[in-house]
Amino acid sequence: LEARLEQAAMLKRVVDAIKDLVQDCNFDCNDSGIALQAMDNSHVALVSMMLKSESFSPFRCDRNIALGINLTSLTKVLRAAQGDDILTLKAEDAPDVVNLTFESPESDRLSEYDIKLMDIDQEHLGIPDTEYAATITLPSSEFSRITRDLSALSESVAIECTKEGVKFTCTGDIGNGSVSLRQHTNVENDAKSVDISLTEPVALTFSLKYLVNFCKAAGLSDRVRLCLSNEVPLLVEYGLSNNSYLRFYLAPKIGD
Amino acid sequence: KIFQQQIFKFFLDG
């Protein structure tokens, strides 16, 4: 494997966004790119990352390899990279280590690190293609604000999507709160628009602790997509350039 | 939490 990223910031942000949910992960490398799928310890949330080969320049992967990496270790090493450094990942066939180099675009500084790999026995997760009843695309900063504000009051949020719009509601010891958003097109800045596409009304409840955690990915994309259907996990997607993405899935809370 | 885990299992197993 040899994969060169123009900006180390992308990988730094991706790892930062997932490291509190999952610890030891396989980075599955093949000629289409680098993928990661892992459930959190409690088995109610799932992270799915896809960095397509087009996101790297150049990208070369001659044989499929799984790089078992501890994300705490990776975070320590990535801390040594500046956001605008050029980052290159390298691994041999049947590797013991993954090699990372950080090149400063302005100076002749080159740093190089090896991270020891681990054997991770991870079951393959067959994430199904799902037709969702409701899809909401909104500014990622808005979603972060809603989850942060409501998490101050309660552990859970009810998300209700109808043709009127989407409503986030919480109930806690000190009182209750809600935020409603309507479909809205911002003609000056499309990134600020709220798009809602609905085939049937949906109402589901989720743990805010996880949603707040997912919002650590907000720096990766101006927009976030929420996909909901009754009785299936919520999909929270941050799209990256070149069709790469970071997706989070969270099972709804169900009453009796 | 058991319900949530089961929802995930059904989702992933199709």
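Just so you know, these numbers come straight off a predicted model, no measurement behind them. Chain identifiers are assigned alphabetically (A, B, ...) following the order of the sequence lines, protein sequences preceding nucleic acid strands; residue numbering begins at 1 within each chain.
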query = Can you check whether B/Q4 reaches A/I254 side chain to side chain, under 4.5 Å on heavy atoms?
reply = no
request  = Assess whether atom CD of A/E231 is packed by more than 12 heavy atoms of other residues, nucleotides or ligands within 6.0 Å.
outcome  = no
message = Looking at A/D119, I want to see if its CG is surrounded by more than 12 non-hydrogen atoms of other residues, nucleotides or ligands under 6.0 Å.
response = no
ask   = Distance from B/L12 atom CG to A/Q37 atom CD, nearest 0.5 Å?
value = 8.5 Å
request  = Tell me, with the steps shown, if A/M39 and B/F8 meet side-chain contact (heavy atoms from CB on, under 4.5 Å).
outcome  = CA-CA 10 Å; A/M39 298 222 52; B/F8 239 116; 3.9 Å; yes
ask   = Got more than 12 heavy atoms from elsewhere within 6.0 Å of NZ, A/K216?
value = yes
ask   = Mind checking whether B/F11 and A/Y249 have parallel, tilted or perpendicular rings, split at 30° and 60°?
value = tilted
request  = May I ask you to check whether over 12 heavy atoms, not counting those of A/E155, lie within 6.0 Å of atom CD?
outcome  = no
query = Are the side chains of A/V44 and B/I7 in touch, meaning some heavy atoms are under 4.5 Å apart?
reply = no
ask   = Is the shortest heavy-atom distance from the side chain of B/F3 to the side chain of A/K253 under 4.5 Å?
value = no
request  = Check each atom of A/S42 against the heavy atoms of chain B and say whether the ones under 4.5 Å are side chain, backbone, both or neither.
outcome  = both
